[in-house]
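Just so it is clear: chains get the letters A, B, ... in the order the sequence lines come, proteins before strands, and each one is counted from 1. Nothing here was measured: the structure is a model prediction, and the numbers come from that model.
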Amino acid sequence: MTTLSFEDGTIRVDDPPDGLSLPFLESDPRSGTTRAPAFRYAALTDVLDGRDDAYDDRVGTWGSLSLSTAYELRDYQREALEAWQANHHRGVIELPTGAGKTVVAIGAMVARGVPTLVVVPTVDLLTQWRRELAAEFDVEIGQFGGGVQEQGPITVSTYDSAYLRADDVGGDFGFVVFDEVHHLGGEGYRDIARLLAAPARMGLTATFERPDGAHEVVAELVGPRVFALDVDDLSGDHLADYDIKRIEVGLSAAEREAYDEAQETFVDYLRTSNLDMRSGADYQKLVMRSGNDPRAREALLAKQRARRVMMNADAKVDRLAEILDRHRDDRVIVFTAHTDLVYRLSERFLLPAITNETGAAERRELLDRFRTGTYSRVVTANVLDEGVDVPDANVAVVLSGSGSEREFTQRLGRILRPKADGRRALLYEVVTEETAEENVAARRRG
DNA sequence: TTGACTCAACATCCTTTGCTACAA
DNA sequence: TTGTAGGTTTCCATGTTGAGTCA
């Protein structure tokens with residue numbers, strides 16, 4: 001009889017029925033068996049069921065869990081859950097930060113009632129999920145990551161640990177939830193989803209699409225986007241109303257000279273080297289050339305000098321002074337692109353700073369003080385963009401940033417938790433005029 | 001257990017012009 | 001005609017994280 005079993009991230013098929021031919025089924029001459037990548041398990045059983053072939057399934061033996069929740073889903077959360085269920089328990093749900101993605105996943109766990117793996121990008125998120133799940137469910141919550149390797153009926157794992165464990169435990173879960181699922185498009189991380197057999201799959205993110213197009217890979221591994229709401233769909237109702245104010249500043253004479261000089265070096269190289277610069281891929285080409293072409297390298301370094309000048313312009317610091325003054329009674333988060341500037345601002349305005357160099361303990365204490373109101377301001381580069389539970393603020397100042405739509409959405413999301421007094425949130429975007437930053441800013445606004 | 005360290009992985013990185021092939 | 005997409009061969013720098021190692 002045909003037998004299916006999980007083996008090292010694959011589904012091993014012994015004695016396949018006659019005439020069974022599937023594009024993803026490969027014979028493995030070394031062991032004399034037939035195999036499929038584990039993530040094809042659901043498709044494989046669908047075909048076998050359709051053919052009325054009797055088979056012995058030793059993969060889907062994870063049993064069931066009896067779970068219940070006290071959560072009352074909001075309308076849109078219920079819709080999201082139903083859309084996912086209607087798509088055979090696969091797919092990505094796109095909801096803005098603060099819209100309660102976790103709750104949707106909890107609803108799905110209750111509905112499925114099978115051992116579940118939750119995969120998250122950071123240890124911080126791992127802790128949050130564990131806390132939430134432990135409060136909600138009466139089962140042991142396991143953990144892979146942060147120095148702990150304990151499997152439970154429901155287990156929360158970092159992407160890194162999941163990558164290391166997937167071929168081993170990939171047959172133990174009937175449901176997998178990928179938080180911040182856009183990470184799954186990364187070259188290495190996508191293997192996690194390939195090595196898991198779980199037929200039910202849910203991806204959660206605020207920004208599904210990736211500039212490199214890898215969301216298509218994610219859609220193949222987890223399922224297509226089945227439900228999406230953006231910030232504007234929920235603002236005023238479940239999220240705070242907000243305004244975006246764009247402030248343009250100029251460069252000083254010295255900065256302008258430095259910027260123009262560097263930019264000219266860059267553009268000049270493009271002109272004389274037959275290099276079009278229309279997409280990220282073209283930029284990548286320049287990077288490759290710079291490996292053995294000194295002129296290309298010089299052009300690239302010049303471009304970086306120009307970026308530094310425009311993103312860290314002195315006038316931005318002056319403008320920040322005014323903004324901080326105007327919002328003396330508000331809770332403000334200041335974002336930059338470079339850590340240098342974070343420390344410069346921290347010194348000048350006596351702002352608590354958080355960067356990658358800030359240790360875990362110090363970071364926790366700082367955010368705690370921000371939460372309780374001891375601090376009303378904080379300055380950071382990219383640390384607080386994602387995966388950290390950031391206390392509520394109502395004013396964000398984006399002094400500089402990348403052209404990433406995702407980064408912008410995440411930063412905006414930091415001020416959108418509904419305000420008790422119904423106040424509107426406010427995001428300042430400070431842009432250096434007559435520089436490439438105008439393009440950068442346009443790109444991130446989609 | 002903690003802290004300092006190293007390493008690997010991931011993400012971003014984009015001028016203003018013309019050319020070609022192809023689809024609508 | 002008009003508009004739009006076009007294709008790929010290991011990597012300049014900066015920011016950030018998780019895992020692993022060692023004291």
Worksheet item: When we call it a touch if two heavy atoms are under 4.0 Å apart, what does A:R363 touch: a base, just sugar-phosphate, or nothing?
Response: sugar-phosphate

Worksheet entry | Interatomic distance, A:N439 CG vs B:dT15 P [rounded to whole Å] | 6 Å

Practice prompt. Please determine if a side-chain N or O atom of A:T122 lies less than 4.0 Å away from the OP1 or OP2 oxygen of C:dT17.
Written response: no

Worksheet item: Taking atom types as modelled, is there a side-chain donor on A:K101 or A:Q77 under 3.5 Å from an acceptor on the other?
Response: no

Worksheet item: Which whole number of Å gives the distance between the P atom of C:dG3 and that of B:dT16?
Response: 24 Å

Discussion item. With a 4.0 Å limit, can you tell me whether A:K285 has a side-chain N or O closer than that to the phosphate oxygens OP1/OP2 of B:dC13?
Written reply: no

Item to complete: Mind calculating the distance between NE2 (A:H338) and P (C:dA13) to the nearest angstrom?
Response: 14 Å

Discussion item. It should be established whether A:R307 places a side-chain nitrogen or oxygen under 4.0 Å from OP1 or OP2 of nucleotide C:dA13.
Written reply: no

Discussion item. Whole angstroms only, please: what is the CG-C1' distance between A:L286 and B:dT12?
Written reply: 14 Å

Worksheet entry | Nearest-Å distance once atom P is located in both B:dC14 and C:dT14 | 14 Å

Fill in: Lys/Arg cation over aromatic A:F370: A:R331, 6.0 Å, 45° cone
yes

Discussion item. If we check side chain to side chain contact (heavy atoms under 4.5 Å, CB included) with A:L239, which of these qualifies: A:L412, A:T97, A:L234?
Written reply: A:L234

Worksheet item: Given A:S400, which of A:K316, A:R308, A:E429 fulfils the side chain to side chain contact (heavy atoms under 4.5 Å, CB included) condition?
Response: A:K316

Item to complete: Please measure how far the C1' atom in B:dG18 lies from the corresponding atom in C:dG6, and state the result in whole Å.
Response: 14 Å

Item to complete: Scan A:N356 against the nucleic acid and name what it touches under 4.0 Å (heavy atoms): base, sugar-phosphate only, or nothing.
Response: base

Discussion item. Within the 4.0 Å heavy-atom criterion, would you say A:G403 contacts the bases, only the backbone, or no part of the nucleic acid?
Written reply: sugar-phosphate

Discussion item. Whether A:T339 contacts C:dT14 is assessed here as follows: a side-chain N or O lying under 4.0 Å from the phosphate OP1 or OP2. Is that the case?
Written reply: no

Practice prompt. Calculate the interatomic distance between A:L164 atom CG and C:dA19 atom C1'; express it in whole Å.
Written response: 7 Å

Practice prompt. With heavy atoms under 4.0 Å as the rule, sort A:F266 into base, sugar-phosphate or nothing.
Written response: sugar-phosphate

Worksheet item: Expressed in whole Å, how much space separates the C1' atoms belonging to C:dG7 and B:dC19?
Response: 14 Å

Practice prompt. Starting from P on B:dG18, measure out to CZ on A:R271 and report it in whole angstrom.
Written response: 12 Å

Discussion item. Please compare A:V287 and A:E187 by the position of their nearest nucleotide in DNA chain B and report the one closer to 5'.
Written reply: A:E187

Response to the item:
From the list A:Q149, A:Q151, A:E150, A:R130, side chain to side chain donor-acceptor pair (under 3.5 Å) partner of A:Q143 resolves to A:R130

Worksheet entry | Closest non-hydrogen atom pair between A:A240 and A:R423, with its separation | CB-O, 4.4 Å

Practice prompt. Have a look at A:R305 and say if it touches a base, only the backbone sugar-phosphate, or nothing, with a 4.0 Å heavy-atom cut-off.
Written response: nothing

Discussion item. Measuring to OP1 and OP2 of B:dA11, would you say a side-chain N or O of A:S402 lies under 4.0 angstrom away?
Written reply: no

Item to complete: Name the pairing partner of B:dT1, where a pair is Watson-Crick or G-U wobble with both distances under 3.5 Å, or state none.
Response: none

Worksheet item: Could you state the NE2-P distance from A:H183 to C:dT16, rounded to the nearest angstrom?
Response: 14 Å

Item to complete: Using whole Å, report how far CD of A:E180 lies from P of C:dT16.
Response: 17 Å

Discussion item. For B:dC13 and A:R443 - does any side-chain N or O of the residue sit under 4.0 Å from the phosphate oxygens OP1/OP2?
Written reply: yes

Discussion item. Categorize A:Y189 for me: base, sugar-phosphate, or nothing, with a 4.0 angstrom heavy-atom threshold over every strand shown.
Written reply: sugar-phosphate

Worksheet entry | Euclidean distance for P, B:dC13 against C:dT9 (whole angstrom) | 23 Å

Item to complete: Measure the distance from CD on A:Q410 to P on C:dT17 and round it to the nearest whole Å.
Response: 12 Å

